Amino acid sequence: KKRVPIRNNMKKILKEDNRSVIIRDGDKVIKTFPTPRPAFSSEYNWLHYYESFYNMYGGVVRVHEVNENRIVMDYIDGVPFDDLKFDHSIAYKAFAAILQNLSNMADYSSNLERVWFHRDAGSHNHIYFDGEFVLIDPDSFMMVNDPYPGAYSMHAIARSFRVFSSNENF
């Protein structure tokens, strides 16, 4: 299911740290990196793999442009996972979305010579929008040679369990 972001003409810094500056510019988010990221150069076809994954599975934010210094993506006008008011339904919808994204990454990787995975696919990188969860932080997707990227999926699942188990509402 494709996401259609809202139109808005505001420009606002969403986050700034030593790894990146994230700015909302209307219906787009621009994430700039202080240190160039060679993996995003056209030489490595990162955008090709990301767009293919996005078109096949959805569940991730749409990326419009990427280079070594920045990535431009849709602004998702939803509620960050950590800000949600939880109930049983939302909690299990979130857990199902995380597992589905991990399953989609494994399925996509089964058609490649290497492994396409998101290094940080935990609950904190999901936005609740229009009744579904969308995985953000697309620059955490990477192509690796590791034949078993289980460490990434276990991290996402373990973090989600910690969040769910610490919530008193369910």
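Owing to the predicted nature of the structure, the values given are computational and were not obtained by experimental measurement.
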Undergrad: Indicate the atoms forming the closest heavy-atom contact of E68 with S41, along with that distance.
TA: OE2-CB, 3.3 Å
Undergrad: Any chance you could measure E65, atom CD, to K28, atom NZ, to the nearest 0.5 Å?
TA: 10.5 Å
Undergrad: In this structure, would L14 and F129 fall into the same cluster of hydrophobic residues linked by side-chain contacts under 4.5 Å?
TA: yes
Undergrad: Can you get from M142 to Y108 by hopping between Ile, Leu, Val, Met, Phe, Trp and Tyr side chains that sit under 4.5 Å apart?
TA: yes
Undergrad: What's the spacing between M73 CE and K31 NZ if we round to 0.5 Å?
TA: 6.0 Å
Undergrad: Can you tell whether the side chains of D137 and R119 come within less than 4.0 Å, N to carboxylate O?
TA: no
Undergrad: Answer whether the closest heavy-atom distance between the side chains of I30 and I22 falls below 4.5 Å.
TA: no
Undergrad: To check you understand the geometry: which heavy-atom pair defines the closest contact between P138 and I71, and what is its length?
TA: CG-CD1, 3.8 Å
Undergrad: With under 30° as parallel and over 60° as perpendicular, where do the rings of F95 and Y92 fit, or are they tilted in between?
TA: perpendicular
Undergrad: side-chain contact (heavy atoms from CB on, under 4.5 Å) for N69 and F33? Distances and angles first, verdict last.
TA: CA-CA 5 Å; N69 302 303; F33 311 111; 5.6 Å; no
Undergrad: Using the six-membered ring wherever Trp is involved, compare the ring planes of W116 and F53 and label them parallel, tilted or perpendicular (cut-offs 30° and 60°).
TA: tilted
Undergrad: Is the closest side-chain heavy-atom distance between L47 and V63 below 4.5 Å?
TA: yes
Undergrad: Give me the atom names and distance for the closest heavy-atom approach of A94 to F81.
TA: CB-CE1, 3.4 Å
Undergrad: Could you grab the distance from atom CG of D25 to atom CD1 of I13, nearest 0.5 Å is fine?
TA: 12.0 Å
Undergrad: Quick one about N104 and Q100 (side-chain donor to acceptor, distance below 3.5 Å, no hydrogens or angles considered), yes or no?
TA: yes
Undergrad: Using 30° and 60° as the class boundaries, would you call the ring planes of F141 and Y50 parallel, tilted or perpendicular?
TA: perpendicular
Undergrad: Minimum heavy-atom separation for R114 and V144, please, with both atom names.
TA: CB-O, 3.2 Å
Undergrad: In terms of the angle between their ring planes, are Y128 and F133 parallel, tilted or perpendicular, with boundaries placed at 30° and 60°?
TA: tilted
Undergrad: Are the side chain of S103 and the backbone of L99 linked by a donor-acceptor contact shorter than 3.5 Å?
TA: no
Undergrad: Pick from V115, L112, N45: which one makes a side chain to side chain contact (heavy atoms under 4.5 Å, CB included) with M143?
TA: L112
Undergrad: Are R62 and E51 ion-paired here, with the side-chain N under 4.0 Å from a carboxylate O?
TA: no
Undergrad: Determine yes or no for a side-chain-to-main-chain donor-acceptor pair under 3.5 angstrom, with N125 supplying the side chain and D120 the backbone.
TA: yes
Undergrad: How far apart are the closest heavy atoms of L135 and A121, and which atoms are they?
TA: CD1-CA, 4.0 Å
Undergrad: Has R37 got its NZ or CZ under 6.0 Å from the middle of the six-membered ring of F40, at an angle within 45 degrees of the ring axis?
TA: no
Undergrad: What pair of heavy atoms forms the shortest contact from H118 to I136, and how long is it?
TA: NE2-O, 3.2 Å
Undergrad: For the residue pair N101 and Y57, confirm or rule out a side-chain donor-acceptor distance under 3.5 Å.
TA: no
Undergrad: Does one hydrophobic cluster hold both Y49 and Y44, with members joined at side-chain heavy-atom distances below 4.5 Å?
TA: no
Undergrad: Donor-acceptor pair, distance only, cut-off 3.5 Å: does the side chain of R70 make one with the backbone of V72?
TA: no
Undergrad: May I ask you to test the L102-F117 pair for a side-chain heavy-atom distance under 4.5 Å?
TA: yes
Undergrad: State the CG-CG distance between L84 and D87, to the nearest 0.5 angstrom.
TA: 9.5 Å
Undergrad: At what distance, to the nearest 0.5 angstrom, does OG of S20 lie from CG of D139?
TA: 7.0 Å
Undergrad: Looking just at side-chain N and O atoms, do H64 and D74 make a donor-acceptor pair shorter than 3.5 Å?
TA: yes
Undergrad: Using a 4.5 Å cut-off on heavy atoms from C-beta on, say whether the side chain of K12 contacts that of I23.
TA: no
